[in-house]
Amino acid sequence: MIPLLNKLKVSRSQRQLLRIVVSIGLAVAILFLIRSELLLFAVVLAVISKWQVVLGGPRLWLHNLWDNAVDIVVLWSFLALLVAYATDSVVQWALVAVYLLWQLLIKPLEGYTGRGTQSLFALALGIGTVFLYKGALGIAVMMLLGWGVGLVSAYHFLVGSDDSAVTLISFVWALIVAQLVWIFAQWLVLYPFFDGRIFIPQASLVVVALGYAFGNIYYDHRQKRLRKKRLYGYLGLMGLVIISLVVGSEWVAQL
């Protein structure tokens, strides 16, 4: 719905205000529909909010879907998390704030830093949501969803480059994410925050750490500034984060 605002004959500040109002209205409307146990209406509203996917006729649908894929991952993760925390209104309002952070600050970012931030945000939120729904999804569906989130986040990050292997690299990273989902789905390690009101899956932190390291290695390689010292630094940081999370965590496990 946001692109339509750009066509209106209003000033830049007015467009910004309209974006804020529309974003807040969408997030709050979805929240209240879920709190009113009208999940179907919340889903319909979420689908309608991405109406720009069907612009231009069927021949452009796939292209539009790819253009909006990261935003769709964030939106549906937001909706799913609202359902997961349906009994805690404080957490739900915090999720609304997180979604507005995405919509108003992260989504408009541009360039390498912007795409990287958007990709990591979608990756973290998407994978975290998948693991929180382990009991309802099962490992096979989790792997499929993890593969999709990994593919979308990688492609969004890489699409700005002129590398002819963008699609191949994206599929390889998606496969890695799916394998990590299978490994971590053998047990579920959750970090409780705020007296157990919020749970963050350990797997999402590991996947994001790997994504950050691999993304920087790829970018430095493309910029022809990847040296052994820098490579070892990324790998060392990645290993340190993973070891600290796995070894130093207090385990709350479900086999």
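Position 1 is the first residue of the sequence; numbering continues from there.
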Can you name the closest pair of heavy atoms from [X] and [Y] and give their distance?
X      : Y      : result
Val177 : Gly146 : CG1-O, 3.3 Å
Leu109 : Gly114 : CB-CA, 3.5 Å
Val149 : Ala122 : CG1-O, 4.0 Å
Ala124 : Val208 : CB-CG2, 3.5 Å
Ser77  : Gly126 : OG-CA, 3.5 Å
Gly128 : Pro201 : O-CG, 3.5 Å

Separation of [Y] [atom2] from [X] [atom1] (nearest 0.5 Å):
X      : Y      : atom1 : atom2 : answer
Leu26  : Leu31  : CG    : CG    : 11.0 Å
Leu144 : Ile139 : CG    : CD1   : 14.0 Å
Ile198 : Leu132 : CD1   : CG    : 10.5 Å
Leu123 : Leu210 : CG    : CG    : 9.5 Å
Leu81  : Thr129 : CG    : OG1   : 3.5 Å
Thr87  : Arg35  : OG1   : CZ    : 9.0 Å

Qualifying residue for side chain to side chain contact (heavy atoms under 4.5 Å, CB included) with Trp76, from Val74, Val73, Leu79: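 Looking at Val74, Val73, Leu79, the match for Trp76 under the side chain to side chain contact (heavy atoms under 4.5 Å, CB included) is Leu79.
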Any heavy-atom pair between the side chains of [Y] and [X] that's under 4.5 Å?
X      : Y      : result
Gln92  : Ile34  : yes
Gln118 : Trp102 : yes
Leu137 : Leu145 : yes
Tyr155 : Ile169 : no
Phe194 : Val91  : no
Tyr85  : Leu95  : yes
Leu100 : Leu105 : no
Phe184 : Val189 : no

Give a yes or no on this: more than 12 heavy atoms of other residues, nucleotides or ligands lie within 6.0 Å of atom [atom1] of [X].
X      : atom1 : answer
Tyr112 : OH    : yes
Trp66  : CH2   : yes
Phe41  : CZ    : no

Cluster question for you: counting only ILVMFWY and a side-chain heavy-atom cut-off of under 4.5 Å, with indirect links fine, are Val90 and Phe193 together?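 No, no single cluster joins them.
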With hydrophobic residues grouped by side-chain heavy-atom distances under 4.5 Å, do Ile72 and Val47 end up in a single group?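 Yes, because Ile72 and Val47 connect within a single hydrophobic cluster, where side-chain heavy atoms sit under 4.5 Å apart.
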Does the plane of the ring in Phe157 sit parallel, tilted or perpendicular to the ring in Tyr218? Use 30° and 60° as the thresholds.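 Rings of Phe157 and Tyr218: perpendicular, over 60°.
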Which of parallel (below 30°), tilted (30 to 60°) and perpendicular (above 60°) describes Trp93 and Phe32?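 Taking Phe32 first and then Trp93, their aromatic rings stand perpendicular (interplane angle over 60°).
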Would you please test Leu39 and Leu33 for side-chain contact (heavy atoms from CB on, under 4.5 Å) and show each step? CA-CA 6 Å; Leu39 177 58; Leu33 286 173; over 6 Å; no
So, [X] side chain and [Y] main chain: donor-acceptor pair closer than 3.5 Å or not?
X      : Y      : result
Tyr133 : Ala80  : yes
Gln202 : Leu190 : no
Lys50  : Asn68  : no
Ser119 : Ser153 : yes

Verdict with supporting geometry, Tyr191 and Leu205, side-chain contact (heavy atoms from CB on, under 4.5 Å): CA-CA 10 Å; Tyr191 296 114; Leu205 301 179; 3.7 Å; yes
For Leu45 and Ile30, run side-chain contact (heavy atoms from CB on, under 4.5 Å): C-alpha distance rounded to whole Å, both residues' side-chain angles, the deciding distance at 0.1 Å, then the answer. CA-CA 7 Å; Leu45 179 59; Ile30 290 176; 3.9 Å; yes
Step by step, would you call Phe78 with Val98 a side-chain contact (heavy atoms from CB on, under 4.5 Å)? CA-CA 9 Å; Phe78 165 65; Val98 170; over 6 Å; no
